[in-house]
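We name chains A, B, ... by the order of the sequence lines, and we start the count at 1 in each one. The structure displayed is predicted, hence computed values, not measured ones.
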Amino acid sequence: MTVRVRFAPSPTGYLHIGGARTALYNYLFAKATGGTFVLRVEDTDIERSSSEYEKLQIEDLQWLNLLHDEGPDKPNPKYAPYRQSERSHIYMEHALKLVEQGLAFYDFCTDEELEAAKEKAMAENRDPHYEGKWREPAFAAEAKARVAAGEKAAIRFRSPKKPYTLHDKVKGTVVFPENMVGDFVIVRSNGLPVYNFCCVVDDYLMDITHVIRGEDHLNNTVRQLMIYEALGAKLPEFAHVSLLIGADRQKLSKRHGATSVNLYRNDHYLPEAMLNYLCLLGWSHPEEKDVFTPEEIIPLFTLDRFSAHSAIYDLVKFKYINGQHLKMKDNAELIKMVEEFCEGASVDFFKAQSTEWKNKAIDITKPYSDFITDIPKNIQDMILDTGLESGEQADEIKTWESSVKVYQFIKEKVDNYSADYISEADLNAWTDSLKKDLGIKGKPLFMGSRFALTGKAHGPDLKILIPLTPVTIIKNRQAEVGKFLG
RNA sequence: GCACCCAUCGUCUAGCCCGGUCCAGGACACUGCCUUUUCACGGCGGCGACAGGGGUUCGAAUCCCCUUGGGUGUACCA
């Protein structure tokens with residue numbers, strides 16, 4: 001049996017990080033087993049669904065490189081169409097069959113009647129299940145006649161009063177007691193079928209072998225189990241993955257920060273880092289590695305390494321993982337990314353430099369960066385910025401009497417420098433001269449010359465940094481340094 | 001309310017199914033040291049958890065029960 005899994009988003013908003021995570025798990029499982037990853041669009045809620053969101057969600061999936069093998073844009077004739085809105089006739093056909101078999105029935109109750117019955121049941125401390133007369137087989141003929149006459153009716157599934165057992169790959173054996181659900185609607189009175197019904201019909205007809213989805217569907221599964229049974233369909237394997245929650249352990253929402261994938265995409269997070277981080281929220285690497293690429297994980301991915309409890313979505317480790325993936329990239333790729341994705345004065349400057357310059361600039365900024373956008377930011381701070389660093393270190397430098405000597409010596413050299421950039425050899429000659437001729441050594445020499453050249457007490461190795469810095473900028477800084485030192 | 005799910009460092013987790021090798025391991029964060037005549041990167045340490053209570057057992061993080069806490073569902077939403 002070849003594995004077929006699906007990701008079935010509702011196009012009612014942007015792709016959510018929780019959705020991306022379940023998509024990832026389905027994708028990894030398909031790749032790990034040589035199976036097929038199907039994308040199905042669950043747009044039965046016509047009020048909230050839009051084709052625009054469908055498009056955007058697919059774009060986000062593509063950005064994450066979670067490419068589907070089958071879907072609305074890559075149909076397999078055997079299973080198409082892949083949008084539930086285009087499959088209405090299929091659902092109706094099966095719903096009608098269930099009515100014929102007496103496993104479902106037409107219901108003519110009004111919303112008011114239903115609401116009143118529900119309130120009464122609650123008040124009497126009974127389960128608020130359907131109690132209308134139409135569930136009685138005796139009314140079947142009358143119902144059929146009324147529908148034939150054009151009257152609108154919902155179709156309800158006659159729920160068997162017995163317990164159901166689910167063997168879930170994550171939760172283990174779950175027993176749903178009888179009376180957990182009443183006779184639920186499978187087709188609305190407006191003729192549109194409902195999620196729990198469509199889902200089963202589709203998973204059945206599309207030969208889905210493994211249903212990997214969020215835990216929020218766990219209780220729904222009892223309804224689905226009933227429908228599988230009524231349809232005479234073989235049950236797929238189920239894996240109900242725990243949910244992502246906010247730092248307050250509440251459902252993830254806007255107030256917890258960015259919850260949709262496109263926001264991370266716009267901020268130029270690395271897609272492979274996002275996948276890496278999301279993967280770890282609820283699944284663990286067999287060797288406890290925590291930085292890895294999707295390709296590395298595919299051969300290792302199994303359904304028995306999920307944790308059963310929900311995980312707090314917290315950006316701190318995400319940042320670390322993004323940094324690790326960034327540091328794995330080679331310079332050529334990083335240069336391309338900076339030029340393509342980043343903007344600002346430092347990027348414009350960057351683009352105008354030689355390849356050699358770019359490579360060195362990447363070398364010195366990479367260790368300081370977790371995000372691609374940190375690179376131009378660091379280029380700005382380290383190479384282009386003319387401001388002074390304030391704080392204890394700078395104050396300490398000011399107290400050294402040698403600082404002024406170092407500054408004056410270097411200032412004179414820089415003022416008379418004819419090239420646009422100071423060479424490493426010249427810089428070495430200057431520090432040698434400071435050491436030999438002026439007798440300055442140790443901290444005052446190195447810290448002092450760093451401050452005299454950069455206006456800062458910290459930063460990358462001067463020998464690499466200074467040859468990358470335009471002399472004009474150093475001159476501007478020196479005016480500031482001069483004022484600071486008095 | 002009722003049903004279902006869950007419960008190991010602040011966070012993500014390993015271990016739990018198949019009790020002893022766990023006075024509980026890793027990672028992030030925080031922190032100390034080393035390296036770097038600076039900072040970052042890196043390396044080596046430190047801090048830090050089995051929710052509580054019963055039971056079973058020679059022995060429980062691991063099995064059972066209760067409590068507490070959290071989550072989900074209970075729609076003619078998905």
Side-chain angles (χ1 to χ4, degrees), chain A residues 8-12 42-45 47-49 84 107 109-111 114 118 122-123 125-129 152-156 166 168 170-172 174-177 179-182 184-196 198-199 213-223 240 242-243 245 247-251 277 280-291 304-305 307-321 323-324 327 364-369 378 382 389 393 397 441-447 450-451 454 456-462:
Chain A
S10 293
T12 55
E42 306 215 326
D43 54 353
T44 53
D45 184 351
E47 300 287 314
R48 298 195 298 149
S49 299
Q84 291 189 330
D107 177 32
C109 292
T110 63
D111 288 349
L114 259 17
K118 188 176 163 185
M122 296 277 266
N125 222 353
R126 301 193 320 271
D127 291 329
H129 293 161
K152 293 221 180 303
I155 299 176
R156 282 183 187 269
L166 168 70
D168 190 89
V170 181
K171 303 294 183 183
V174 179
V175 179
F176 300 108
N179 268 336
M180 191 167 167
V181 293
F184 55 94
V185 169
I186 56 175
V187 180
R188 301 174 176 97
S189 50
N190 66 5
L192 290 172
V194 139
Y195 166 76
N196 280 304
C198 301
C199 179
R213 76 212 322 182
E215 192 188 349
D216 47 342
H217 292 290
L218 186 62
N219 285 301
N220 281 326
T221 308
V222 67
R223 291 178 172 75
H240 285 94
S242 61
L243 266 19
I245 54 178
D248 51 3
R249 300 217 159 265
Q250 306 290 302
K251 188 172 183 166
Y277 176 64
L280 248 18
L281 251 29
W283 186 85
S284 60
H285 188 288
E287 286 155 40
E288 292 196 65
K289 279 180 72 174
D290 49 19
V291 178
D304 57 1
R305 296 202 63 83
S307 44
H309 58 272
S310 38
I312 292 180
Y313 179 78
D314 162 33
L315 256 26
V316 181
K317 194 164 184 174
F318 191 174
K319 179 182 168 181
Y320 165 80
I321 287 177
Q324 292 298 309
K327 288 171 182 82
I364 61 166
T365 50
K366 190 156 75 169
Y368 293 83
S369 303
N378 283 319
M382 293 168 180
E389 181 181 319
Q393 296 271 32
I397 291 167
K441 56 187 177 181
K443 242 176 152 185
L445 172 62
F446 287 92
M447 292 273 273
R450 171 179 296 284
F451 195 71
T454 68
K456 293 181 168 55
H458 309 292
D461 189 353
L462 284 184

ask   = Which base, if any, makes a Watson-Crick or G-U wobble pair with rC9(B), both distances under 3.5 Å?
value = none

ask   = With a 4.0 Å cut-off on heavy atoms, is N220(A) in touch with a base, just the backbone sugar-phosphate, or nothing at all?
value = base

request  = Take atom CG of L218(A) and atom P of rC5(B), then tell me their distance rounded to the nearest Å.
outcome  = 7 Å

query = When rounded to the nearest Å, what value does the distance between P atoms of rG19(B) and rC50(B) take?
reply = 23 Å

task = Just compare rA3(B), rC28(B), rU72(B) and give me whichever is closest to any side-chain atom of K317(A).
result = rC28(B)

task = Scan V291(A) against the nucleic acid and name what it touches under 4.0 Å (heavy atoms): base, sugar-phosphate only, or nothing.
result = nothing

task = Could you tell me whether S189(A) contacts a base, only the sugar-phosphate backbone, or nothing, with contacts defined as non-hydrogen atoms closer than 4.0 Å?
result = base

query = Measuring from C199(A):SG to R213(A):CZ, what's the distance to the nearest 0.5 Å?
reply = 5.0 Å

key: Length of the CG-P vector between N196(A) and rA78(B), whole Å   = 9 Å

task = Round to the nearest Å and state the distance from M122(A) atom CE to rA75(B) atom C1'.
result = 12 Å

request  = Would you kindly give the CZ-to-P distance between F184(A) and rG73(B), to the nearest whole Å?
outcome  = 17 Å

request  = Compare the minimum distances between each of rA27(B), rU72(B), rG42(B) and the side chain of Q324(A), then state the nucleotide with the smallest one.
outcome  = rG42(B)

ask   = Is P9(A) touching bases, backbone alone, or none of the nucleic acid, heavy atoms closer than 4.0 Å?
value = nothing

message = Using the P atom as the point on both nucleotides, what is the distance between rC64(B) and rA27(B), in whole Å?
response = 32 Å

task = Just compare rA40(B), rU74(B), rC28(B) and give me whichever is closest to any side-chain atom of R223(A).
result = rU74(B)

query = Phosphate oxygens OP1/OP2 of rA78(B): is one of them under 4.0 Å from a side-chain N or O of T44(A)?
reply = yes

remark   = Checking rC4(B), rG26(B), rC41(B) against the side chain of F176(A) (C-beta onward), the nearest is rC4(B)

query = If you check every side-chain atom of V194(A), which of rA3(B), rC76(B), rA27(B) has the closest atom?
reply = rC76(B)

request  = Counting heavy atoms from C-beta on, name the nucleotide in rU11(B), rG1(B), rU8(B) closest to the side chain of H309(A).
outcome  = rU8(B)

Length of the line joining R249(A):CZ and rU68(B):P, which is rounded to integer Å = 19 Å

task = Using a 4.0 Å heavy-atom cut-off across all strands, classify Q250(A) as base, sugar-phosphate, or nothing.
result = sugar-phosphate

ask   = Near K366(A) NZ, under 6.0 Å, is it more than 12 heavy atoms from other residues, nucleotides or ligands?
value = yes

ask   = How is H129(A) classified with respect to the nucleic acid when contacts are heavy atoms under 4.0 Å: base, sugar-phosphate, or nothing?
value = nothing

remark   = Side-chain contact check for R305(A): nearest option of rA3(B), rA14(B), rU74(B) is rA14(B)

ask   = What is the nucleic acid contact for G282(A), judged by heavy atoms within less than 4.0 Å: base, sugar-phosphate only, or nothing?
value = sugar-phosphate

ask   = D461(A) near the nucleic acid: base, sugar-phosphate alone, or nothing, with a heavy-atom cut-off under 4.0 Å?
value = base

request  = Using the C1' atom on both, measure rU56(B) against rG48(B) and round to a whole Å.
outcome  = 32 Å

ask   = Across the strands shown, which category fits C109(A) at heavy-atom distances under 4.0 angstrom: base, sugar-phosphate, nothing?
value = base

inquiry  = Among rU38(B), rU13(B), rA78(B), which nucleotide has an atom closest to any side-chain atom of Q393(A)?
reply    = rU38(B)

Backbone N/O of H240(A) and side chain of D168(A): donor-acceptor pair under 3.5 Å = yes

ask   = Whole-Å distance between rG25(B) P and H285(A) NE2?
value = 21 Å

key: Out of rC76(B), rC12(B), rC6(B), whichever nucleotide has its closest atom nearest the side chain of I312(A)   = rC12(B)

Interatomic distance, M382(A) CE vs rA40(B) C1' [rounded to whole Å] = 7 Å

message = Measure OH/Y320(A) against P/rC12(B) and give the value in whole Å, please.
response = 17 Å

request  = Kindly point out which of rC76(B), rA40(B), rC2(B) is positioned nearest to the side chain of D111(A)?
outcome  = rC76(B)

